[in-house]
Amino acid sequence: QVHLVESGGDSVQPGGSLTLSCAASGITSGQWCVAWFRQAPMHSREGVAGLSTDGGYRYIRDEVFRRFTVSRDAAKNTFYLEMHDLKSEDDGRYYCAAVPAPWYCGRVYLDDIEFQHWGQGTQVTVSS
């Protein structure tokens with residue numbers, strides 16, 4: 001059974017940095033796309049970044065391309081979203097999601113309806 005647990009959310013000032021973690025279990029068999037989504041109040045959920053478990057596919061949303069990095073610690077089966085120069089528009093709840101289709105992380109955008117497994121999310125607040 002797939003289980004995803006996010007952590008690392010916090011309240012930061014604009015320009016600050018955070019690293020989110022997604023501890024994943026149950027995805028050691030086969031290859032997967034593990035992605036980060038976010039949702040702000042009154043907004044739809046949007047894909048931010050993704051990384052396949054074989055490392056062959058990577059996605060970063062254009063708006064965060066030079067500020068966010070996605071990575072993985074294979075030994076810990078943990079995925080990270082490193083965020084720098086945070087802006088008010090980055091404010092929201094961040095979710096980790098997984099689907100057993102690594103190529104999904106290579107698409108031009110991440111579609112949340114295609115992801116089968118979700119964590120509970122972690123809150124990121126960017127405010128002065």
Q: Look at atom NZ of Lys87 and say whether more than 12 heavy atoms of other residues, nucleotides or ligands are closer to it than 6.0 Å.
A: yes
**Q.** Distance-only side-chain donor-acceptor flag, Glu82 / Thr19, under 3.5 Å
**A.** no
Q | Arg107 to Tyr59 six-membered ring, cation-pi geometry met (6.0 Å, 45°) | A | no
Q: For the residue pair Ser17 and His84, confirm or rule out a side-chain donor-acceptor distance under 3.5 Å.
A: yes
Q: If the plane angle is over 60° it's perpendicular, under 30° parallel, otherwise tilted; pick one for Tyr94 and Phe68.
A: tilted
Q: Go through Thr122 and Ser7 one step at a time and tell me if the side chain to side chain contact (heavy atoms under 4.5 Å, CB included) criterion holds.
A: CA-CA 6 Å; Thr122 186; Ser7 61; 5.5 Å; no
Q) Between Phe37 and Phe115, does the ring centre distance come in under 6.0 Å? A) yes
Q) Can Met83 be reached from Val64 by stepping across I, L, V, M, F, W or Y side chains whose heavy atoms are under 4.5 Å apart? A) yes
Q. What are the two closest non-hydrogen atoms of Ile60 and Phe65, and how far apart are they?
A. CG2-CA, 3.4 Å
Q. Would a hydrophobic clustering, with Ile, Leu, Val, Met, Phe, Trp and Tyr connected at side-chain separations under 4.5 Å, put Trp103 with Val108?
A. yes
(Q) Using the rule that Ile, Leu, Val, Met, Phe, Trp and Tyr join whenever any side-chain heavy atoms are under 4.5 Å apart, tell me whether Val124 and Trp36 fall into a single cluster. (A) yes
Q) Counting only N and O atoms by type, is there a donor-acceptor contact under 3.5 Å from the side chain of Arg58 to the main-chain atoms of Leu51? A) no
Q: Measure across Gly50 and Cys105 and return the closest heavy-atom pair with its distance rounded to 0.1 Å.
A: C-SG, 3.7 Å
